[in-house]
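Each remark here refers to the structure printed beneath this line.
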Protein chains: 2
Amino acid sequence: MSPDSAVENAPAEKPLRSDAARNRERILAAAAEVFAARGLEATLDDIAAHAGLGIGTVYRRFPNRDALVEALFEERLAGVATMAALVLDEPDSWVALRRLLETMGAVVTADQGLFEVLICRPGGGGRAAVRETMLPIVTAVFGRAQADGHLRADVAPTDFPMMLRMLAGIGEATREVRPDLWQRYLELLLDGLRADRCGESCFTVAPIDPLDMDRVQHLGWPRR
Amino acid sequence: MSPDSAVENAPAEKPLRSDAARNRERILAAAAEVFAARGLEATLDDIAAHAGLGIGTVYRRFPNRDALVEALFEERLAGVATMAALVLDEPDSWVALRRLLETMGAVVTADQGLFEVLICRPGGGGRAAVRETMLPIVTAVFGRAQADGHLRADVAPTDFPMMLRMLAGIGEATREVRPDLWQRYLELLLDGLRADRCGESCFTVAPIDPLDMDRVQHLGWPRR
DNA sequence: ACGGAAGCGGAGGTTACCCCTCCACTTAGA
DNA sequence: TCTAAGTGGAGGGGTAACCTCCGCTTCCGT
């Protein structure tokens, strides 16, 4: 039907010229660094300068800011989901829980941009997918640790993103000075989460329910 | 010496006209609300609109933005320090610790502006004074709870502002939807802080030292 | 080695904010 | 009633971010 021989209805992305391909990678690398350090509000001019390129070059490759964010985080989000899924293989349910929090804590404290796409922004496109991947993992890991009596019974899956928020706040503030500090507070949280303590206690305040979680994201983004 | 009879070298603040005094209070009330909800980055136009007054009126009363912030937070900061000092009278050292975190947690989660003045901004003027008031209180409360064997021994005074940061993050995100939610995570932190548990554990990551705390504040303010 | 398509840089247009001033009008209160 | 004090809000001045445009440069097939 088409006059073209082989490539039928593919979008026909002809390969970039070699210098353009190299610059594309530079832009993505610079964007990764800048978004990690300053969050998604970093400017494209900043990113271009960081890449050692002109702004025009950035816009030639990515039609607008969101396209860049999308291209940058698509693969990283998939990677995060994959990493999180790894903990399901951990035989010890408490270790699985700790590894889940360590893994995701490391992600959100090291990379502010990734934290924002993952936790803060209303889900759309790849974001929704990752969160839908995460929920069953969190539920499974929490459930197993609770069944084994390691994790206190009154913890809910929605506590997970909230704890990540707490750690991300530490990370954002102290990343430049003490990039490991967040782990101290992860340890603190983990000690609070353990069920096998002498002094039993239970929360007097209910967890946030998933619908309100959505409202939190929609109210808080874009940054008012 | 002066031609004036009674009022010598007093600043001679002549009383405001009644409507002006009323509007001054309105401005302060509006500023309190807006700064609480949106932080110190809120605009003066916003505050004026919120007060139902023109911007000119705001500037007539407060020569610039900082003067308004100063006037607004001077008394509140003093109040915070006073409230914090109250917990020193609590006989039970663990209850004192909890009350300290509850009190300050309530402050920083309900009022984002106050949190920023208190924890985020580099200290200057009244801020430094409050922080100098807080440090001995925190040290005393922590020390007593540790001596009594309630608080784990490896907690440091600098953990206090970090925990407030964590709670403030929860507060900022969920204030509009679940203004009480932060207390759930305070309970979690408190459970992590207790020393009298079966499974002893201690931090593998050192606390941040006070000098680095200062660096954190100076690096993070003004908001890049 | 050459020609043209693809790519590049970055000045600057456009838009959006925000701080603060200014001044014609209004109001309190002696 | 008269005037000093107060008021509103348009708009000046400045900054910042997004994105476009176009003259110049670089790649690469022939």
Side-chain angles (χ1 to χ4, degrees), chain A residues 4-5 7 11-31 34-35 37-72 112-113 116 121 221-224, chain B residues 4 7 11-31 33-35 37-72 112-113 116 121 221-224:
Chain A
D4 204 2
S5 65
V7 192
E13 303 240 336
K14 66 164 60 174
L16 292 173
R17 229 169 65 176
S18 66
D19 54 344
R22 187 169 54 247
N23 283 341
R24 197 191 123 97
E25 291 313 306
R26 275 196 201 154
I27 292 165
L28 285 171
V34 173
F35 283 145
R38 300 219 280 281
L40 297 182
E41 319 231 312
T43 72
L44 293 201
D45 301 66
D46 258 354
I47 290 169
H50 205 79
L53 298 169
I55 325 157
T57 306
V58 175
Y59 279 97
R60 163 164 301 272
R61 210 48 63 210
F62 302 97
N64 57 54
R65 171 195 196 69
D66 281 344
L68 173 56
V69 171
E70 208 64 29
L72 180 61
Q112 194 181 336
E116 287 170 11
R121 281 175 102 170
W221 203 271
R223 288 282 207 221
R224 339 214 132 238
Chain B
D4 201 5
V7 191
E13 302 241 337
K14 67 164 59 172
L16 294 172
R17 225 168 70 175
S18 68
D19 54 345
R22 185 170 57 245
N23 284 340
R24 196 190 124 99
E25 290 313 306
R26 276 197 200 155
I27 293 165
L28 285 172
E33 274 183 43
V34 173
F35 283 143
R38 298 219 282 280
L40 296 181
E41 319 231 310
T43 72
L44 292 202
D45 301 64
D46 259 351
I47 290 169
H50 204 81
L53 298 169
I55 325 156
T57 307
V58 175
Y59 280 97
R60 163 165 302 273
R61 211 48 64 211
F62 301 97
N64 56 52
R65 175 196 189 69
D66 282 344
L68 173 57
V69 172
E70 208 64 29
L72 180 61
Q112 195 182 335
E116 288 170 9
R121 282 175 96 166
W221 203 271
R223 288 280 206 221
R224 339 218 127 234

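In the text below, chain A, chain B and the rest are named by the order of the sequence lines, each starting its count at 1.
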Glu116(A) versus Phe35(A): any side-chain heavy-atom pair under 4.5 Å?
-> no
For Asp66(B), enumerate each residue passing the side chain to side chain donor-acceptor pair (under 3.5 Å) test, keeping only those at least two apart in sequence or located in another chain.
-> none
Separation between CG (Leu68(B)) and CG (Leu40(B)), nearest 0.5 Å, reads 10.0 Å
For Asn23(B) and Arg26(B), indicate whether the former's side chain and the latter's backbone hold a donor-acceptor pair under 3.5 Å.
-> no
Salt bridge (charged side-chain N to carboxylate O under 4.0 Å, His left out): pairs with one or both residues in residues 49-58 of chain A, sequence neighbours excluded = none
Do any pairs count as a side chain to side chain donor-acceptor pair (under 3.5 Å) and have a residue in residues 41-60 of chain B, sequence neighbours left out, and if so which ones?
-> Glu33(B)-His50(B), Arg38(B)-Asp46(B)
Atom CG of Leu72(A) and atom CD1 of Ile27(A): how far apart are they, to the nearest 0.5 Å?
-> 11.5 Å
Could you tell me from which nucleotide to which nucleotide of DNA chain D, 5' to 3', there is an atom under 4.0 Å from chain B heavy atoms?
-> dA4(D) to dA10(D)
Of the residues in residues 57-67 of chain A, which ones touch DNA chain C at a heavy-atom distance under 4.0 Å?
-> Thr57(A), Arg60(A), Arg61(A)
Any residue meeting side chain to side chain donor-acceptor pair (under 3.5 Å) with Arg22(A), in chain and number order, not counting sequence neighbours | none
Go through the structure and list residues passing side-chain contact (heavy atoms from CB on, under 4.5 Å) with Arg24(A), not counting sequence neighbours.
-> Leu16(A), Leu28(A), Arg61(A), Phe62(A)
Could I get the full list of side chain to side chain donor-acceptor pair (under 3.5 Å) partners for Glu25(B), not counting sequence neighbours?
-> none
So which of residues 19-29 of chain A are in contact with DNA chain D, with a heavy-atom cut-off of under 4.0 Å?
-> Asp19(A)
Listed in order of residue number, which residues of residues 37-44 of chain B have a non-hydrogen atom at under 4.0 Å from DNA chain C?
-> Thr43(B), Leu44(B)
What are the 5'-most and 3'-most nucleotides of DNA chain C lying under 4.0 Å from any heavy atom of chain A?
-> dA5(C) to dA11(C)
